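Worksheet for the structure shown next.
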Amino acid sequence: MSHSPVENVVIVGTGCAGLTAAIYAGRANLNPLVLEGSMPGGQLTTTSEVENFPGFPAGVDGFQLMQNLREQAAKFGTRFEQTLVESVDFTSMPRKLICADRTVLARAVIISTGASPRLTGVPGEKELYGGKGVTTCATCDGAFYRQMEVAVIGGGDSAAEEALFLTRFASKVYLVHRRDSLRASKIMADRATTHPKIQPVWDSVPVEVMGRPEGAVSGLKVRHLKTGAESILPVKGIFVAIGHVPNTGPFASVLDVDDNGYFKPVAGSQVRTKIPGVYVAGDCADHVYRQAITAAGMGCQAAIDAERWLAEHE
Ligand code: NAP
């Protein structure tokens with residue numbers, strides 16, 4: 001397996017955190033290398049309108065925002081390579097990132113691998129995931145459900161946002177939530193619960209995704225938690241929006257993670273880890289705020305810390 005030359009700083013991940021780190025590291029003349037995983041641009045590329053990123057009073061398309069960040073990073077000398085990190089060796093310098101095709105060597109590393117959508121695990125969900133009716137991305141798949149009934153599962157901002165987006169296409173959107181109010185921000189919750197096409201299904205959990213594995217979704221069986229009654233929602237599409245799991249697997253045996261798998265930085269820092277010169281940023285290390293702007297802020301912090309650390313360890 002081949003080794004690359006020793007990089008100043010390698011950034012793993014291309015979401016808001018990784019690309020912001022790349023802009024800062026690039027402007028600091030560190031010639032950063034960014035390793036892109038299987039979803040370039042990260043979660044924002046699956047969002048429609050981003051209304052709360054400062055500086056865009058009219059909102060900005062999530063995909064476009066990520067394109068802009070990438071262009072800005074490239075302008076300052078960032079290089080991009082598509083490869084998946086499978087494991088790491090941080091026991092000596094340079095740090096080693098072991099990928100399928102080669103080992104990448106780096107003096108400093110910024111891990112910004114984000115988080116992936118969580119699924120419910122009910123029978124039928126896995127079998128009918130993908131092009132068969134179960135999905136986690138309304139922006140990607142919503143247009144396939146014109147004039148059809150669909151269900152969104154979840155009660156957070158993502159669920160509210162997905163449900164509202166789907167009203168552009170679907171004839172009716174069931175919003176299935178296990179409690180009797182949404183956890184989403186008030187503005188999103190109000191918009192969703194008052195929309196004429198959205199019907200909340202309170203106190204209910206999915207029990208089974210109906211449909212033949214070789215065919216398509218024909219319904220969602222739900223159970224009312226207070227009465228135990230089961231019913232079938234006659235939907236063709238099911239959009240799961242129940243949160244995320246952090247993508248920390250290849251690093252979790254080497255860096256500290258919490259009970260849910262999120263990176264735990266050292267006390268007094270949001271981004272520094274127990275390994276000198278190794279930083280974490282964005283949703284893989286943040287289960288509290290999880291916003292595009294906070295991820296970008298962490299990417300900025302990680303790049304500035306990495307730059308200072310490299311300068312001190314010439
Ligand atoms: P979230 O806030 O963690 O909400 C997850 C939802 O799924 C909760 O309502 C939860 O129920 C429910 N849930 C979890 N596990 C479940 C299960 N096994 N079965 C059924 N329901 C389940 O996640 P999110 O909506 O993805 O949002 C993540 C972060 O991104 C938040 O900080 C959010 O504010 C932010 N975000 C912001 C925007 C925006 O500002 N436009 C858009 C999207 C996301 P409980 O309520 O009972 O816990």
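Each ligand, and each atom within it, is numbered from 1 in the order the structure gives. These figures come from a predicted structure and were not determined experimentally.
Ligand 1 places these atoms under 4.0 Å from at least one heavy atom of Tyr289: 32 (O). Near His244, the atoms of ligand 1 lying under 4.0 angstrom from a non-hydrogen atom of the residue are 26 (O).
Using a distance-only test at 3.5 Å, with no hydrogens or angles considered, no donor-acceptor pair links the side chain of Asn8 to the main chain of Pro32.
Considering each of His287, Gln291, Arg179, Glu51, the one bringing a non-hydrogen atom nearest atom 47 (O) of ligand 1 is Arg179. Remark: among candidates Arg178, Glu162, Gln43, the nearest residue to atom 17 (C) of ligand 1 is Arg178, based on non-hydrogen atoms. Here the shortest heavy-atom distance to atom 36 (N) of ligand 1, taken over Asp286, Thr294, Asp157, belongs to Asp157. Considering each of Ile242, Ile293, Thr136, Leu182, the one bringing a non-hydrogen atom nearest atom 18 (N) of ligand 1 is Ile242.
The protein heavy atom nearest to atom 9 (O) of ligand 1 is Gly155 N, 3.0 Å. Nearest non-hydrogen protein atom to atom 2 (O) of ligand 1 is Arg183 CD, 3.4 Å. Ranking protein heavy atoms by distance to atom 23 (O) of ligand 1, first place goes to Gly243 CA, 3.7 Å. The protein non-hydrogen atom at the shortest distance from atom 31 (C) of ligand 1 is Arg290 NH2, 3.9 Å. In this structure, the protein non-hydrogen atom closest to atom 27 (O) of ligand 1 is Ser158 OG, 3.6 Å.
Of all the heavy atoms of Glu161, the ones lying under 4.0 Å from any atom of ligand 1 belong exclusively to the side chain.
Taking the charged nitrogens against the carboxylate oxygens, Arg290 and Asp286 have no contact shorter than 4.0 Å, which rules out a salt bridge.
Within a 6.0 Å radius of CZ in Arg179, other residues, nucleotides and ligands contribute more than 12 heavy atoms.
Under the salt bridge (charged side-chain N to carboxylate O under 4.0 Å, His left out) criterion, Arg79 pairs with Glu7, not counting sequence neighbours.
Checked against a 6.0 Å centroid threshold, the rings of Tyr145 and Phe239 count as neighbours.
When all heavy atoms are compared, the tightest approach of Val280 to Pro265 is CG2-CG, 4.4 Å. Closest approach of Gly282 and Met298 over heavy atoms only: N-SD, 3.5 Å. Of all non-hydrogen atoms in Thr78 and Ala73, the two that sit nearest each other are OG1-O, 2.9 Å.
Using a 4.0 Å heavy-atom cutoff, Met188 is absent from the residues neighbouring ligand 1.
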Could you give me the CA-CA distance, side-chain angles and deciding distance for Lys264 and Asp258, then say whether salt bridge (charged side-chain N to carboxylate O under 4.0 Å, His left out) is met?
CA-CA 6 Å; Lys264 265 200 314 197; Asp258 69 13; over 6 Å; no
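Note on residues 285-314: pairs passing ring-ring contact (aromatic ring centres under 6.0 Å, His included), not counting sequence neighbours, are Tyr262-His287, Trp309-His313.
Looking at ligand 1, you'll find an N or O of Asn52 within less than 3.5 Å of one of its N or O atoms. The N/O atoms of Arg118, backbone and side chain alike, include none that comes under 3.5 Å of an N/O atom in ligand 1.
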